[in-house]
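Numbered from 1 within each chain, the chains take letters A, B, ... in sequence-line order.
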Protein chains: 2
Amino acid sequence: MSLESAVGKMRGRGYKVTPQRVAVLGALAAEQHQSLEGIRARCPGVGMVTVYRTLDLLGSLGIVRRLDLGDGARYELAADHHHHMICESCGDISEFEECPLDSARIPTQNQGFEVRSHSVEVYGRCAACL
Amino acid sequence: MSLESAVGKMRGRGYKVTPQRVAVLGALAAEQHQSLEGIRARCPGVGMVTVYRTLDLLGSLGIVRRLDLGDGARYELAADHHHHMICESCGDISEFEECPLDSARIPTQNQGFEVRSHSVEVYGRCAACL
DNA sequence: CCCGTAGATGAAAACTTTTTTCATTGACAG
DNA sequence: CTGTCAATGAAAAAAGTTTTCATCTACGGG
Ligand SMILES: [Mn+2]
Ligand SMILES: [Mn+2]
Ligand SMILES: [Zn+2]
Ligand SMILES: [Zn+2]
């Protein structure tokens, strides 16, 4: 999800493209999995309320995804499907693209559950901490 | 994790077995995946602070697990390894035992990451909502 | 049993985080 | 350019969580 397409999506839905919204997008583009505090630090001129509202808006547009990985909320630009490896020692979050789910082993058919999405998180120790 | 073994674990670690702690354990045993509000409703005589502290204690003893599935925190007695299917329409959370993860496809070896645990959540529509 | 004591409880206060309110500002269509 | 309505942000309110501290009680030892 490039910033240009994100801005286009906002315009297309009739939302105004303000400097504050662009600044929050820029903060999100700078690094994945930031906390609200981290995002705020990257756009000091933007009011806290506006950051909250912008994250909500971008979330409703599917541009931003919110993660709950144990320590407070984190945000990422919704790029392609991927999963997370979280180091329980240093807190580092890394991504991997290959989906380790074996769909055949998701017991949904017999229960009549229609799968729309999934998430996988792997916890452990990263190379640096070992 | 039976209530008896949970109580035994508390005693063994030198924690007192108070009526409040037993009440919170009972509330947790009544239903999996409750919110704090739900737990509190099941032990009305127990002060809010004590519920918070008891959940922390039980968490540190490995008796209780905290879940973050999008809407606030939920708690469950840490039973055997299992995963969750969440209905995005009604919010219902169901469990399944069969682990759909293909360990071979977790790209950890090449990155030197040591896996200690994982979580899998499946989102979609439950049979009742379809 | 009954004490003594260290750990546990809970009301109140303090903090933290998030949402609402509302007066002012500014993006952008015409 | 201009007018309008969405967007912003300071302040206040609400919601959620933790700390403080006086009081209580579980339970080991006598
Ligand atoms: Mn990610
Ligand atoms: Mn469960
Ligand atoms: Zn690490
Ligand atoms: Zn449902």
Open item on the list: My understanding is that only residues two or more places apart in sequence, or in another chain, count here; which of them pass side chain to side chain donor-acceptor pair (under 3.5 Å) with B:Arg11?
Closed with: none
Task: Those residues that, when tested against A:Arg65, pass side chain to side chain donor-acceptor pair (under 3.5 Å) (two or more places apart) - done: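 With neighbours one apart ignored, the set is A:Glu76.
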TODO: Could you check B:Tyr52 against A:Val51 and say which one's nearest nucleotide on DNA chain D is further toward the 5' end?
DONE: A:Val51
Open item on the list: Check the phosphate of C:dA27 against A:Arg11, side-chain N and O only, distance under 4.0 Å to OP1 or OP2. Yes or no?
Closed with: no
Open item on the list: With heavy-atom distances below 4.5 Å as the criterion, would you say the side chains of A:Pro107 and A:Phe113 are in contact?
Closed with: no
Between [atom2] on [N] and [atom1] on [X], what's the gap in Å once rounded to a whole number?
X: B:Glu37; N: D:dA14; atom1: CD; atom2: P; value: 18 Å
X: B:Leu57; N: C:dG7; atom1: CG; atom2: P; value: 14 Å
X: B:Leu58; N: C:dA8; atom1: CG; atom2: C1'; value: 14 Å
X: B:Arg74; N: D:dG16; atom1: CZ; atom2: P; value: 13 Å
X: B:Met48; N: C:dA12; atom1: CE; atom2: P; value: 11 Å
X: B:Leu36; N: C:dT17; atom1: CG; atom2: P; value: 18 Å
X: A:Arg13; N: D:dA7; atom1: CZ; atom2: P; value: 13 Å
X: A:Arg40; N: C:dT18; atom1: CZ; atom2: C1'; value: 12 Å

TODO: Indicate the ring-plane relationship of B:His81 and B:His118, choosing parallel, tilted or perpendicular according to the 30° and 60° boundaries.
DONE: perpendicular
TODO: For the pair A:His33 and A:His84, name the ring-plane relationship: parallel under 30°, tilted 30 to 60°, perpendicular over 60°.
DONE: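 It falls in the perpendicular class, over 60°.
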Open item on the list: I'd like to know if B:Arg53 reaches the base of C:dG10 with its side chain such that a donor and an acceptor end up less than 3.5 angstrom apart.
Closed with: yes
- [ ] Return the residues of residues 15-32 of chain B meeting this criterion: a heavy atom under 4.0 Å from some atom of DNA chain C. Order them by number, or give none.
- [x]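 Here the set is B:Tyr15, B:Lys16, B:Thr18, B:Gln20, B:Arg21.
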Task: Same apolar cluster (I L V M F W Y, side chains within < 4.5 Å links), B:Tyr75/B:Leu57 - done: yes
Task: side-chain contact (heavy atoms from CB on, under 4.5 Å) partner of B:Leu55, chosen from B:Ile63, B:Thr50, B:Ile39 - done: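 The option that passes is B:Ile39.
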